[in-house]
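Letters A, B, ... mirror the listed sequences (proteins, then strands); counts begin at 1. It should be emphasised that the depicted structure is a prediction, and the values quoted were computed from it without experimental measurement.
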Protein chains: 2
Amino acid sequence: MAKIKRIDHIAILVDDLESAASFWCDGLGLALEHTQDVPAEQAQIAFLPVGGSEVELVKPTSSDSGLARFLEKRGPGMHHICLEVDDIEGMLASLKARSVMLINEKPRTGSDGRRYAFIHPKSANGVMVELYELPR
Amino acid sequence: MAKIKRIDHIAILVDDLESAASFWCDGLGLALEHTQDVPAEQAQIAFLPVGGSEVELVKPTSSDSGLARFLEKRGPGMHHICLEVDDIEGMLASLKARSVMLINEKPRTGSDGRRYAFIHPKSANGVMVELYELPR
């Protein structure tokens with residue numbers, strides 16, 4: 001059976017990366033590993049490693065994306081948590097068989113080759129959950 | 001300088017522990033380590049280890065606590081993230097000097113001896129952040 005290995009990251013939606021970094025980096029002392037434009041998500045993302053996981057600060061770069069609408073509706077805050085899984089297809093099949101609502105029934109593939117899929121918050125106590133599997 | 005070590009846990013507010021466990025445990029396969037009544041928080045908490053961190057499912061046990069009001073107002077979902085710090089007093093002093101809004105200016109001590117404090121979401125991009133230091 002597919003197995004969750006760890007919390008990979010926590011994604012926080014922000015309206016300004018610099019002021020967000022002033023709390024998470026200058027305040028809490030987390031390192032800013034790098035910042036990346038992610039056109040597929042219409043976002044700019046700052047990666048802050050912490051232990052074996054990461055905090056990701058996500059800033060929408062357009063006004064009409066899902067992220068931008070989320071930010072406009074709910075304000076800055078937690079967007080999703082991401083869990084690493086060893087077999088994403090097996091996990092998605094198993095969740096589907098349990099009638100869990102999936103945003104992506106098949107894994108998508110990111111530019112770095114990792115495969116990922118989102119579970120709908122309605123099936124996860126209001127939490128948007130991302131699953132991802134590292135390339136083998 | 002005080003240092004953040006890792007993500008200790010992610011706390012998710014739920015209205016029913018059994019149905020929540022049917023997703024997080026039966027669905028995702030996380031182990032339910034134990035469930036604990038925490039009268040100080042007027043809550044019942046289920047602890048689900050994942051990697052070196054935990055998912056905590058938090059169910060209010062009274063209708064007039066802060067947790068219960070949060071649940072009534074916003075529905076189930078992410079409540080806070082908890083980061084382990086090696087020196088909580090040093091971190092709180094440093095954050096206060098930066099005018100970060102703290103819910104607890106001095107650490108509180110849990111029944112297990114660990115010291116913890118919350119940072120106000122207004123200073124943390126809408127995220128409630130708990131800091132905690134293990135007993136030495």
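Taken together through direct or relayed side-chain contacts under 4.5 Å among Ile, Leu, Val, Met, Phe, Trp and Tyr, Val100(A) and Leu17(B) form part of one hydrophobic cluster. Under a hydrophobic-cluster definition in which Ile, Leu, Val, Met, Phe, Trp and Tyr are linked whenever side-chain heavy atoms come within less than 4.5 Å, directly or via other members, Met91(B) and Leu102(B) are assigned to the same cluster. A continuous path of hydrophobic side-chain contacts links Leu134(B) to Tyr116(B) [ILVMFWY only; heavy atoms under 4.5 Å]. Under the 4.5 Å side-chain heavy-atom criterion for Ile, Leu, Val, Met, Phe, Trp and Tyr, Phe70(B) and Ile45(B) are members of the same hydrophobic cluster.
Heavy atoms of Asp15(A) lying under 4.5 Å from chain B are absent altogether. Heavy-atom distances place the side chain of Val129(B), and not its backbone, under 4.5 Å from chain A. Residue Glu84(A): no heavy atom, backbone or side chain, is found under 4.5 Å from chain B. In this structure, no portion of Met128(B) lies under 4.5 Å from any heavy atom of chain A. Heavy atoms closer than 4.5 Å to chain A are found in both the backbone and the side chain of Met78(B). Of the two parts of Lys5(A), only the backbone, made up of N, CA, C and O, holds a non-hydrogen atom closer than 4.5 Å to a non-hydrogen atom of chain B.
In this structure a side-chain-to-backbone donor-acceptor pair under 3.5 Å is present from Arg98(A) to Ser22(B).
For the options Gly51(B), Gly29(B), Pro76(B), heavy-atom pairs under 4.5 Å to chain A are most numerous at Pro76(B). Chain B forms more heavy-atom pairs under 4.5 Å with one residue of Ile119(A), Asp26(A), Ile81(A) than with any other, namely Asp26(A). Ranked by non-hydrogen atom pairs under 4.5 Å with chain B, the options Leu83(A), Leu13(A), Ile10(A), Val85(A) are led by Ile10(A).
Here the closest heavy-atom approach between residue Ala124(B) and residue Phe23(A) is recorded as CB-CE2, 3.4 Å. Nearest heavy atom pair, residue Ser94(A) against residue Gly27(B), reads OG-O, 4.3 Å.
Using non-hydrogen atoms only and a strict 4.5 Å limit, no part of residues 55-67 of chain B faces chain A. Below 4.5 Å, heavy atoms of chain B meet no heavy atom from residues 32-41 of chain A.
Between atom CG of residue Leu30(B) and atom NZ of residue Lys3(A) there is a gap of 8.0 Å, rounded to the nearest 0.5 Å.
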Walk me through whether Leu131(B) and Leu28(A) qualify under side chain to side chain contact (heavy atoms under 4.5 Å, CB included). CA-CA 10 Å; Leu131(B) 299 172; Leu28(A) 289 180; 4.2 Å; yes
Passes side chain to side chain contact (heavy atoms under 4.5 Å, CB included), Arg74(A) versus Arg74(B)? Steps please. CA-CA 11 Å; Arg74(A) 306 189 54 158; Arg74(B) 305 189 54 159; 3.7 Å; yes
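Counting heavy atoms from C-beta on, the side chains of Ile7(A) and Glu54(B) never come closer than 4.5 Å.
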